[in-house]
Amino acid sequence: MNLHEYQAKELLYAYDVPVQKGIAVDTVDAAVAAAESLTAQTGTKWHVVKAQIHAGGRGKGGGVKLAKNLEELREKANQILGMTLVTPQTGPKGKVVHKILIAEDVYAPGASEPKEFYMSILLDRSSGKNVIIYSTEGGMDIEEVAEKTPHLVHKTYVHPNLGLQAFQQREIAYNLGLSGKAFKAMTKFVDNLYKAYLGVDASLVEINPVLKTSDDGIIAVDAKVSIDGNALYRHPAIEAMRDLNEEDPTEVEAGKYNLNFVKLDGNVGCMVNGAGLAMATMDIIKLSGGEPANFLDVGGTANAQTVEAGFRIILQDPNVKAILVNIFGGIVRCDRVAQGIVDAYQNIGEINVPIIVRLQGTNAKEAKELIDASGLKVHSVILLKEAAEKVKEVLG
Amino acid sequence: MSVLVGNNSKVLVQGFTGSEGTFHAEQMIAYGTNVVGGVTPGKGGQTHLGKPVFNTVTEAVAATQANTSIIFVPPAFAADAIMEAAAAGIGLVICITEGIPVQDMVKVKSFISDYKCRLIGPNCPGVITPGEAKVGIMPGFIHQKGTIGIVSRSGTLTYEAVDQVTKAGLGQSTCIGIGGDPIIGTTTKEAVKLLMEDPGTEAIIMIGEIGGTMEAEAAYYVKEHGTKPVVGFIAGQTAPKGRRMGHAGAIVGGKEDTAAAKMEIMRQCGIYVVESPAFIGQTVLKALGKD
């Protein structure tokens with residue numbers, strides 16, 4: 001589950017990770033009040049207005065702006081609130097900004113030069129360990145840094161049982177070229193950031209940039225935190241932070257029926273049991289000359305209700321020219337799924353796109369007979385190869 | 001011949017009396033698997049499906065000499081169940097449970113490395129040696145005793161491959177469902193190695209998906225040490241970057257873990273790569289020179 005920047009900062013702050021202070025608001029008036037209150041709290045003269053959407057690259061799209069007085073702040077808050085922000089990560093349609101974060105200006109000059117770093121924590125799958133990735137090249141696209149200057153990207157692997165050690169914290173601070181007060185602040189920053197990563201069951205914590213301020217403090221200026229969906233049961237307060245505005249409405253609806261659905265841009269819908277077979281079915285669609293309109297795993301307990309819900313969700317997409325149902329019955333009995341398809345057809349009424357149904361495994365024969373006898377305009381096949389040929393035929 | 005499970009498997013079911021455990025234990029017994037008992041804390045001393053129930057795995061091992069355990073415990077308690085099995089001296093632990101928090105698995109992986117214990121899964125369909133033992137949730141009837149070994153991260157896609165192999169007139173030596181999570185006990189490479197070293201296996205099917213580097217590692221192993229034909233497929237050629245496709249581990253992160261990149265590495269390592277999952281059976285026949 002993804003979080004907004006302001007939510008991520010709240011979580012980190014609870015673990016004593018210093019963050020750029022800010023207040024999230026959804027109106028221009030509240031933005032001005034937030035700015036006044038921040039100045040009172042922190043003494044900041046300038047403010048940063050930051051669009052809160054689930055995507056990176058907000059600055060490039062015009063979603064992050066500096067305001068040097070309250071008049072400018074009002075103007076910039078007004079520009080950003082409600083805008084459709086397009087960034088390299090949102091896709092061409094962009095995302096509507098419903099909330100902005102009014103944040104203190106942390107780049108004020110002082111005794112020493114401010115410096116930006118990069119830091120993230122995530123799971124390294126092949127070693128089965130958590131890894132801290134960091135770089136002196138902060139505020140930039142880390143994938144680009146890794147490609148062009150791999151020697152500037154460092155990694156620290158954390159022992160699964162013993163945790164992050166003091167020598168590792170020091171090594172990180174040294175590698176970032178820090179000394180004195182900033183060095184100490186960095187060791188503490190990393191220590192608490194790792195504790196936060198574990199504490200909230202994050203699958204990713206990414207701080208870009210981490211800032212050494214002009215008074216040698218270390219703070220998180222931006223924060224991206226994703227939570228392991230499997231661990232949400234032990235974090236009800238975090239689960240409550242979920243923002244449905246950021247999710248595709250059809251995916252939200254599918255979730256209500258326990259359907260695992262991902263919306264895609266193609267012209268052939270599909271309904272499958274099992275994630276691997278669902279991906280393979282999408283691949284078959286592509287090889288047959290179509291493009292998958294969705295990923296949909298109906299799970300191990302496909303029945304008449306879930307099949308009907310699946311059809312309704314797929315049919316909401318006007319681009320869908322055909323639907324391929326691919327069920328390999330193991331525990332699931334194919335004849336029950338077939339009955340679900342027949343029922344769904346009758347309940348939904350007019351379905352104008354061709355449906356190809358491939359049922360294999362437990363009671364596959366009975367299922368085919370059931371569909372053939374129903375008189376519905378459904379193409380029933382048994383082999384995957386036949387399903388692929390049928391898709392080609394109906395698209396052609 | 002076979003690997004991991006067979007006539008010598010003495011199987012313990014953890015989460016035996018729950019609905020999932022009960023249903024699948026019945027199916028396993030009906031298939032002919034030697035299920036020797038089960039564990040449900042607090043229900044020790046009872047009898048379930050005609051088999052004894054124990055409070056702890058240690059007690060169960062002492063009473064039954066079980067050497068294999070299958071886990072149907074809910075996600076919040078499954079990590080604990082795996083560690084209990086390892087600590088009790090079970091040599092093969094197969095965890096079916098889907099949805100275990102990934103940080104729990106980080107600890108489990110480290111914990112079990114202290115024991116002589118192989119973990120299969122979690123989030124997997126289990127392992128079957130047709131005609132001998134089914135320690136999993138796969139439909140037994142689609143399998144047939146034979147010489148093709150199968151390794152897969154997916155459930156139903158494995159059934160698809162099994163079905164095509166059976167329909168091609170071949171059968172399976174052992175089918176290993178390694179699981180769809182980011183951290184699993186046995187990797188693609190380790191499972192392929194087991195089958196490569198099994199005299200009863202003539203050819204291997206390796207089914208992967210987007211996310212991670214396991215298939216590439218297995219492919220390099222095949223190139224170095226392969227002595228049998230390997231047929232490979234990677235699901236998710238059409239999956240968009242950054243979106244999780246059902247399985248917790250099925251997500252494209254960078255250039256290296258796309259389906260296309262993995263297929264290219266597999267090709268370079270001499271693996272028969274299948275573009276369409278509809279042609280897995282046919283390609284195995286071709287690889288064996290039987291088409």
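The analysis underlying the following values was restricted to heavy atoms, covering all of them including side chains, and did not include hydrogens, waters or symmetry mates. Numbered from 1 within each chain, the chains take letters A, B, ... in sequence-line order. Here the structure is a predicted model, which means the values were calculated and not measured.
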So, the part of A/Ser126 with a heavy atom under 4.5 Å from chain B: the answer is side chain

- Task: Give a yes or no on whether A/Glu246 atom CD has more than 12 heavy-atom contacts from other residues, nucleotides or ligands under 6.0 Å away.
- Result: yes

- Over 12 non-hydrogen atoms of neighbours within 6.0 angstrom of CZ in B/Phe77: no

Taking every heavy atom of B/Pro101 against every heavy atom of A/Arg234, the minimum-distance pair comes out as CB-NH2, 3.2 Å

- Message: Evaluate B/Lys167 against A/Leu383 for side chain to side chain contact (heavy atoms under 4.5 Å, CB included), listing each step before the verdict.
- Response: CA-CA 10 Å; B/Lys167 290 210 164 88; A/Leu383 295 177; 4.3 Å; yes

If one checks every heavy atom of A/Ile285 against chain B at 4.5 Å, the contacting part turns out to be neither

Okay, A/Leu198 and chain B: the region with an atom under 4.5 Å from a heavy atom over there is side chain

Counting heavy-atom pairs under 4.5 angstrom with chain A, the leader among B/Pro75, B/Pro240, B/Ala239, B/Ala76 is B/Ala76

Separation between CZ (A/Arg358) and CD (B/Glu160), nearest 0.5 Å, reads 4.0 Å

So, the part of A/Glu389 with a heavy atom under 4.5 Å from chain B: the answer is neither

- Please step through side chain to side chain contact (heavy atoms under 4.5 Å, CB included) for the pair B/Leu157 and A/Phe328, ending with a clear verdict. CA-CA 8 Å; B/Leu157 184 54; A/Phe328 201 108; over 6 Å; no

Using a 4.5 Å cut-off on heavy atoms from C-beta on, say whether the side chain of B/Ile183 contacts that of A/Leu123.
yes

d(A/Leu287 CG, B/Phe279 CZ) to nearest 0.5 Å is 9.0 Å

> Around atom CZ of A/Arg336, are there more than 12 heavy atoms of other residues, nucleotides or ligands at under 6.0 Å?
Replying inline: no

So, the part of B/Ala259 with a heavy atom under 4.5 Å from chain A: the answer is neither

Shortest non-hydrogen pair, A/Gly361 vs B/Phe141, comes out as C-CZ, 3.7 Å

* Near A/Lys263 NZ, under 6.0 Å, is it more than 12 heavy atoms from other residues, nucleotides or ligands? -> yes

Is there a donor in the side chain of B/Thr156 and an acceptor in the side chain of A/Asn273, or the other way round, less than 3.5 Å apart?
-> no

Would a 4.5 Å heavy-atom cut-off, applied to side chains only, mark A/Lys129 and B/Val106 as touching? no

* Could you verify whether a donor N or O on one side chain and an acceptor N or O on the other, from B/Gln103 and A/Asn130, lie under 3.5 Å apart? => yes

Whatever's closer than 4.5 Å to a heavy atom in chain B on A/Ala387 counts as neither

Okay, B/Ile184 and chain A: the region with an atom under 4.5 Å from a heavy atom over there is neither

When the 4.5 angstrom heavy-atom criterion is applied to B/Ile234 and chain A, the contacting part is backbone

Requested in this report: Evaluate side chain to side chain contact (heavy atoms under 4.5 Å, CB included) for A/Lys385 paired with B/Gln282, printing each intermediate quantity in order.
Outcome: CA-CA 11 Å; A/Lys385 207 160 57 181; B/Gln282 215 168 303; 3.6 Å; yes

* Salt-bridge present (B/Asp181, A/Arg125; N to O < 4.0 Å) -> no

Under 4.5 Å to a heavy atom of chain A? For B/Ser276 that would be both

- Message: Looking at A/Tyr257, I want to see if its OH is surrounded by more than 12 non-hydrogen atoms of other residues, nucleotides or ligands under 6.0 Å.
- Response: no

If one checks every heavy atom of B/Glu209 against chain A at 4.5 Å, the contacting part turns out to be side chain

Q.
Does this structure show an ion pair linking A/Lys286 with B/Glu275, if we count only N-O contacts that are shorter than 4.0 Å?
A. no

Max heavy-atom pairs within cutoff under 4.5 Å with chain A, candidates B/Pro277, B/Ser154, B/Gly155, goes to B/Pro277

Comparing B/Pro139, B/Ser152, B/Gly140, B/Gly208 against chain A, the one with the most heavy-atom pairs below 4.5 Å turns out to be B/Pro139

Residue from A/Thr281, A/Asn161, A/Asp265, A/Leu296 scoring the most non-hydrogen pairs under 4.5 Å with chain B is A/Asn161

Interatomic distance, CG@A/Leu384 vs CD1@B/Ile280, rounded to 0.5 Å, equals 8.0 Å

Under 4.5 Å to a heavy atom of chain A? For B/Glu217 that would be side chain

Bottom line for A/Ala278: the part with an atom under 4.5 Å from chain B's heavy atoms is neither

Within the side chain of A/Asp283, is there an N or O that forms a donor-acceptor pair under 3.5 Å with the backbone of B/Ala235?
no

**Prompt:** Given the rule in the side chain to side chain contact (heavy atoms under 4.5 Å, CB included) test, do B/Thr238 and A/Phe295 qualify, once you have shown the distances and angles that lead to the verdict?
**Reply:** CA-CA 10 Å; B/Thr238 49; A/Phe295 166 95; over 6 Å; no

